[in-house]
Amino acid sequence: MGASISDQLTPEDARWAAEIAAKLETKFAAERDREGSKIPYIAESGRYEEDMAETFPGWWTNGFWPGILWQMFAATGEESYSEPARRIERTTLDGVISAYEKLDHDVGFLWLLSAVADWRLTHNESSRVRGLHVATVLAGRFNSAGRFIRAWNELGREGWAIVDSMMNIPLLFWASEETGDPRFAEIARQHADTMLANVVRPDGSCNHIVCFDPLTGEFQEAPAGQGYAAGSSWSRGQSWGIFGFARAYRHTGDERYLDAAKRVAHYFCSQVALTGGIALIDFRQPAEPKLFDAIASCVAADGLIELAELVPEAERGFYRSWALLILHAVTEKACDFDPGHDGVVQLCSDKYHDGRIHVPIIYADYFLLESILRLQGRAADLW
């Protein structure tokens with residue numbers, strides 16, 4: 001389905017991607033040696049001081065450091081990357097699996113980039129079992145009345161679903177491919193249909209949270225999430241929509257998902273055109289203060305690369321050009337490539353209100369790395 005983006009690059013673009021990849025390889029080799037099987041999250045003053053394996057083993061971002069290690073293993077073949085990734089899987093994430101009540105819809109983020117990556121790249125059978133275990137947990141969160149996967153576990157949120165889930169349901173598509181059992185993929189499709197109907201707005205912007213009556217499935221509201229306000233446009237939510245619906249199309253061939261991904265992508269690109277490629281935290285936030293979230297740009301660039309590989313040839317140039325424009329902006333304006341400092345992408349913000357603003361956050365680095373490796377045809381397909 002489509003052509004690899006690495007076959008679409010000009011020689012100049014290929015040289016640029018190789019230069020950035022070399023910087024990232026040097027940076028992540030240094031971080032590997034410093035961090036090992038610790039789990040970094042947010043760097044402070046150039047250092048990852050907190051080890052999430054100790055402070056919050058089940059935090060939803062804890063798969064991204066293993067994901068970086070597995071992408072680097074795939075790109076270089078060096079066992080020095082796979083060894084700490086596998087230790088995290090065994091020593092930290094296995095304990096999270098055992099703490100059943102702490103598992104939520106983010107099991108895809110956690111285990112697609114750790115255990116399932118291990119299985120895909122090394123055929124480690126115990127990692128395959130881990131992946132199938134948590135895929136079953138994710139499928140068990142499906143609400144058949146509303147045809148959605150419940151997001152979080154807090155009392156009163158039984159009917160909540162969020163756009164981020166579109167990046168978790170690839171775990172279900174993988175489980176069906178792996179087992180031949182269509183139930184997992186069918187749950188993913190029904191959930192994607194519900195997200196399409198209730199998350200993606202006509203103009204291509206997205207709700208973050210949608211709430212349903214958990215007994216009847218009736219839509220209730222779309223409250224504010226990590227963006228500015230209800231009805232606003234949280235940029236990272238838009239980026240999850242681009243990549244998530246594009247992947248749903250890759251897994252199903254359903255053109256409705258491809259159309260949704262394109263609609264959200266066009267909206268996203270029109271907004272970052274106003275800020276030079278670096279996304280605001282919310283595209284409908286007040287003019288001041290001007291707060292950015294480069295994570296959204298990194299995720300969106302990866303999603304635009306996905307689209308460039310999926311659409312007909314006549315459409316590829318648009319998505320390829322925008323992915324490159326955004327990646328150039330991130331690497332030129334928002335990155336620290338010094339191997340002596342922890343954290344690559346600096347202008348990251350976890351949420352608009354009461355969040356950590358303009359700091360390096362680990363999953364921006366993951367999506368930047370994956371995007372650059374995809375430009376070179378060296379990335380592992382972990383979604």
Side-chain angles (χ1 to χ4, degrees), residues 21 23-44 46-76 78-97 102 106-122 124 127 130-131 134 164 167-168 171 236 294-295 298-299 302 335-337 339-346 348 350 356 359-373 379-380 382-383:
K23 291 179 180 180
L24 289 172
E25 289 179 31
T26 301
K27 180 92 171 190
F28 289 130
E31 290 187 351
R32 172 205 61 202
D33 294 343
R34 285 193 293 267
E35 301 305 314
S37 56
K38 297 177 182 177
I39 302 180
Y41 178 35
I42 296 176
E44 298 179 13
R47 279 290 175 268
Y48 288 126
E49 300 292 351
E50 183 179 27
D51 178 7
M52 295 298 284
E54 296 180 355
T55 59
F56 200 153
W59 184 237
W60 75 274
T61 66
N62 286 359
F64 288 103
W65 176 239
I68 288 171
L69 295 171
W70 283 118
Q71 287 290 4
M72 290 300 299
F73 170 76
T76 67
E78 296 180 17
E79 294 290 343
S80 58
Y81 289 106
S82 63
E83 291 166 359
R86 198 169 284 135
R87 282 199 299 274
I88 291 169
E89 191 181 329
R90 293 194 307 263
T91 61
T92 299
L93 296 182
D94 275 2
V96 178
I97 291 177
K102 295 185 182 298
D106 282 325
V107 294
F109 280 130
L110 284 162
W111 278 278
L112 276 169
L113 304 180
S114 57
V116 178
D118 190 358
W119 164 247
R120 283 170 158 156
L121 294 174
T122 74
N124 182 346
S127 295
R130 291 182 178 96
V134 292
D164 315 41
M167 293 300 294
N168 285 283
L171 178 65
R236 195 156 75 245
I295 306 169
C298 294
V299 176
D302 211 352
C335 284
D336 178 355
F337 291 109
H341 300 163
D342 287 331
V344 180
V345 185
Q346 304 294 300
C348 304
D350 61 350
R356 280 163 284 195
V359 295
I361 302 182
I362 189 69
Y363 58 110
D365 294 3
Y366 175 83
F367 285 102
L368 175 62
L369 173 65
E370 182 171 275
S371 296
I372 296 297
L373 291 178
L382 302 185
W383 301 101

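In this chain, numbering begins with 1 at the start of the sequence shown.
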Taking the side chain from [X] and the backbone from [Y], do they hold a donor-acceptor pair closer than 3.5 Å?
| X | Y | result |
| --- | --- | --- |
| N124 | W119 | no |
| K27 | H341 | yes |
| R120 | L382 | yes |

With side chain to side chain contact (heavy atoms under 4.5 Å, CB included) as the criterion, how do R130 and D94 come out once you've worked through the C-alpha distance, each side chain's angles and the decisive distance to 0.1 Å?
CA-CA 8 Å; R130 291 182 178 96; D94 275 2; 2.6 Å; yes
Within this structure, what is the [atom1]-[atom2] distance for the pair [X] and [Y], rounded to the nearest 0.5 Å?
| X | Y | atom1 | atom2 | answer |
| --- | --- | --- | --- | --- |
| W59 | D106 | CH2 | CG | 8.5 Å |
| I68 | Y81 | CD1 | OH | 10.5 Å |
| Q346 | I361 | CD | CD1 | 10.5 Å |
| L24 | L373 | CG | CG | 7.5 Å |
| M167 | D302 | CE | CG | 7.0 Å |

Closest approach of [X] and [Y], non-hydrogen atoms and distance?
| X | Y | answer |
| --- | --- | --- |
| C335 | L368 | SG-CD2, 3.9 Å |
| D164 | N168 | O-ND2, 3.5 Å |
| S37 | R87 | OG-NE, 3.5 Å |
| S114 | L93 | OG-CD1, 3.4 Å |
| G340 | R47 | O-NH1, 2.7 Å |
| V116 | G131 | CG2-CA, 3.9 Å |

With sequence neighbours excluded, tell me which residues meet ring-ring contact (aromatic ring centres under 6.0 Å, His included) with F73.
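Checked F73 against ring-ring contact (aromatic ring centres under 6.0 Å, His included); matches are W70.
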Residue list, ring-ring contact (aromatic ring centres under 6.0 Å, His included) with Y366, at least two apart or on another chain:
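Listed in chain order: F64.
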If we count only N and O atoms by modelled type, under 3.5 Å, do the side chains of [X] and [Y] hold a donor and an acceptor together?
| X | Y | answer |
| --- | --- | --- |
| R236 | Y363 | yes |
| E50 | T55 | yes |
| W383 | E370 | yes |

Using a 4.5 Å cut-off on heavy atoms from C-beta on, say whether the side chain of [Y] contacts that of [X].
| X | Y | value |
| --- | --- | --- |
| D118 | P66 | no |
| F367 | V345 | no |
| L69 | R86 | no |
| D336 | V344 | no |
| N62 | F109 | no |
| W60 | L110 | no |
| Y48 | I362 | yes |
| L171 | V107 | yes |

Verdict with reasoning, E31 to D342, per side chain to side chain contact (heavy atoms under 4.5 Å, CB included)
CA-CA 7 Å; E31 290 187 351; D342 287 331; 3.6 Å; yes
Excluding sequence neighbours, so at least two apart, what forms side chain to side chain contact (heavy atoms under 4.5 Å, CB included) with A21?
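Listed in chain order: E25, I372, Q376, R378.
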Please identify each residue that fulfils side chain to side chain contact (heavy atoms under 4.5 Å, CB included) with D33, with sequence neighbours left out.
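Partners of D33 by the side chain to side chain contact (heavy atoms under 4.5 Å, CB included) criterion come out as none, since no residue qualifies.
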What verdict does the side chain to side chain contact (heavy atoms under 4.5 Å, CB included) test give for M72 and L369, after you've listed the backbone C-alpha separation in whole Å, the side-chain angles of each residue and the deciding distance to 0.1 Å?
CA-CA 9 Å; M72 290 300 299; L369 173 65; 4.0 Å; yes
The criterion is salt bridge (Lys or Arg N to Asp or Glu O under 4.0 Å); which residues satisfy it with D350, sequence neighbours excluded?
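D350: salt bridge (Lys or Arg N to Asp or Glu O under 4.0 Å) contacts with R356.
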Go through the structure and list residues passing salt bridge (Lys or Arg N to Asp or Glu O under 4.0 Å) with E78, not counting sequence neighbours.
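Salt bridge (Lys or Arg N to Asp or Glu O under 4.0 Å) list for E78, sorted by chain: R32.
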Determine, stepwise, if the pair D365 / W65 fulfils side chain to side chain contact (heavy atoms under 4.5 Å, CB included).
CA-CA 9 Å; D365 294 3; W65 176 239; over 6 Å; no
